[in-house]
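Written below as structure tokens is the structure these notes are about.
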Amino acid sequence: MPKITIAIDGFSSTGKSTIAKQLADWLDYIYVDTGAMYRAITLFAMRNNFISETSFNQQALIDSLDQVIISFKKNPETTISEVYLNGENVEKQIRTLEVSSFVSPVATVSEVRKKLVTQQQEMGDAKGVVMDGRDIGTVVFPNAELKIFLDASAQTRAERRYKELLGRGDKVVFEDVLKNVVDRDRIDSTRKDSPLIKAKDAIEIDNSEMNLEDQFHIILQLAKDRI
Ligand code: C5P
């Protein structure tokens, strides 16, 4: 059966990765969480004090990019693909609200984007890939056979994110999570390089009132129609 490329973009916490993972499992495709790659570089920047509440030394980060190796490896127990920063599994560390608060400024840096987009294009080179992010349908794979753009109200998205963080045992305040979601969307949509916008040929789905199962079946059907 021929394989296609599926790009899933959208605002933060719209459930892109959940749907993308399910779809990749069902189709036996590779799943790539590109947000995890931006988060891993952000963790690198935080650990090296390139970014803090008060400053962001972009040049120091750019000068160190050659030292950053991002990779994915499947956890044999869960079969979920986890992200590694220079050989260290950082899957848990990259999901904190602190990393979320620094990731969008880091993702505005063109050199960071160039490095990651090149790697993403290599990973999806052979097709048979479901990739989620912000610029997959517009920049990484502008010729993807299926492009989905997910949206939901900020309140719904923040509630989902809040539950997820509480579920992990993180002590967070709802208002902080909501603010982070709104702030990230603003920075992601207004940056100069590869802003978050719906590709002209993307199919938009607002999942505020939709359950996961219905969403999955709609997107799976759209994929099957293109294979
Ligand atoms: O998908 P996730 O919420 O984990 O992404 C974290 C951040 O990484 C986004 O808010 C955005 O700033 C950045 N990102 C990006 N381009 C992508 C994926 C993520 O700029 N393709």
Side-chain angles (χ1 to χ4, degrees), residues 5-21 24 31-46 51 56 58 61 65 68 70 72 80-83 85 90-124 129-142 144 147-152 154 156-158 160-162 164-165 168 170 172 177-199 202 207:
T5 300
I6 302 176
I8 303 191
D9 289 303
F11 292 98
S12 46
S13 305
T14 40
K16 296 183 295 295
S17 56
T18 308
I19 283 292
K21 251 182 243 162
Y31 162 61
V32 183
D33 173 358
T34 64
M37 301 170 81
Y38 287 93
R39 286 171 180 272
I41 290 203
T42 303
L43 185 65
F44 174 85
M46 287 162 64
I51 192 162
F56 180 15
Q58 293 198 19
L61 174 60
L65 279 178
V68 183
I70 312 281
F72 289 95
I80 292 172
S81 172
E82 297 181 338
V83 70
L85 169 63
V90 291
E91 185 60 35
K92 274 218 176 77
Q93 291 93 314
I94 61 161
R95 307 285 169 194
T96 61
L97 192 55
E98 202 191 0
V99 171
S100 296
S101 71
F102 292 127
V103 65
S104 287
V106 168
T108 63
V109 179
S110 290
E111 287 80 356
V112 168
R113 305 204 68 81
K114 206 163 158 217
K115 176 184 173 83
L116 295 185
V117 168
T118 304
Q119 189 178 346
Q120 289 154 11
Q121 288 170 334
E122 282 165 9
M123 288 193 277
V129 66
V130 185
M131 200 171 279
D132 84 66
R134 304 293 188 290
D135 59 343
I136 312 304
T138 51
V139 174
V140 183
F141 292 117
K147 299 181 187 178
I148 301 290
F149 191 86
L150 289 183
D151 196 5
T156 306
R157 293 186 285 119
R160 288 178 188 157
R161 189 90 191 145
Y162 179 60
E164 199 182 306
L165 289 165
R168 288 167 28 112
D170 289 4
V172 286
V177 177
L178 177 63
K179 182 177 181 307
N180 176 257
V181 162
V182 173
D183 283 351
R184 272 202 289 148
D185 289 346
R186 181 180 38 77
I187 300 172
D188 293 344
S189 314
T190 56
R191 68 182 173 221
K192 276 209 189 79
D193 190 346
S194 321
L196 165 65
I197 41 163
K198 179 178 132 2
N207 63 21

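All ligand and atom numbering here is 1-based and tracks the order in the structure. Residues take their numbers from the sequence shown, with the count starting at 1.
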Protein contact to atom 1 (O) of ligand 1 [nearest heavy atom, distance to 0.1 Å]: R134 NH1, 3.0 Å

Per-residue contact class, M37 against ligand 1 - non-hydrogen pairs under 4.0 Å: neither

N207 and R157: CA distance, side-chain angles, deciding distance, side chain to side chain donor-acceptor pair (under 3.5 Å) verdict: CA-CA 10 Å; N207 63 21; R157 293 186 285 119; over 6 Å; no

Nearest non-hydrogen protein atom, atom 16 (N) of ligand 1: R113 NH2, 3.0 Å

Within the 6.0 Å centroid threshold, strictly below: F11 and F149: yes

Heavy-atom nearest neighbour in the protein, as seen from atom 13 (C) of ligand 1, with distance rounded to 0.1 Å: A107 CB, 3.8 Å

Donor-acceptor pair, side chain of T34 and main chain of D132, under 3.5 angstrom: yes

Residue, atom name and distance, where the atom is the protein heavy atom closest to atom 12 (O) of ligand 1: D188 OD1, 2.6 Å

Nearest neighbour in protein (non-hydrogen) for atom 21 (N) of ligand 1: D135 OD1, 2.8 Å

For atom 3 (O) of ligand 1, the protein heavy atom that lies nearest, with its residue and separation: R184 NH1, 2.8 Å

K21, NZ: over 12 other non-hydrogen atoms inside 6.0 angstrom: yes

Region of R191 engaging ligand 1 - heavy atom pairs below 4.0 Å: side chain

Distance-only N or O hit between ligand 1 and T34, under 3.5 Å: yes

Sequence neighbours excluded, every pair satisfying salt bridge (charged side-chain N to carboxylate O under 4.0 Å, His left out) that has a member inside residues 97-123: R113-D135

For G35, atoms of ligand 1 separated by under 4.0 Å from a heavy atom: 1 (O), 2 (P), 4 (O), 5 (O), 18 (C), 19 (C)

Lys/Arg-Asp/Glu bridge criterion (N-O < 4.0 Å) met for D193, R191: no

Top protein contact for atom 4 (O) of ligand 1, by heavy-atom distance: R39 NE, 2.7 Å

Where at least one partner belongs to residues 7-20, residue pairs that pass side-chain hydrogen bond (donor to acceptor under 3.5 Å, both in side chains), sequence neighbours excluded: S12-D185

Check: S12 N/O within less than 3.5 Å of ligand 1 N/O: no

R95/E91 ion pair, N-O < 4.0 Å: yes

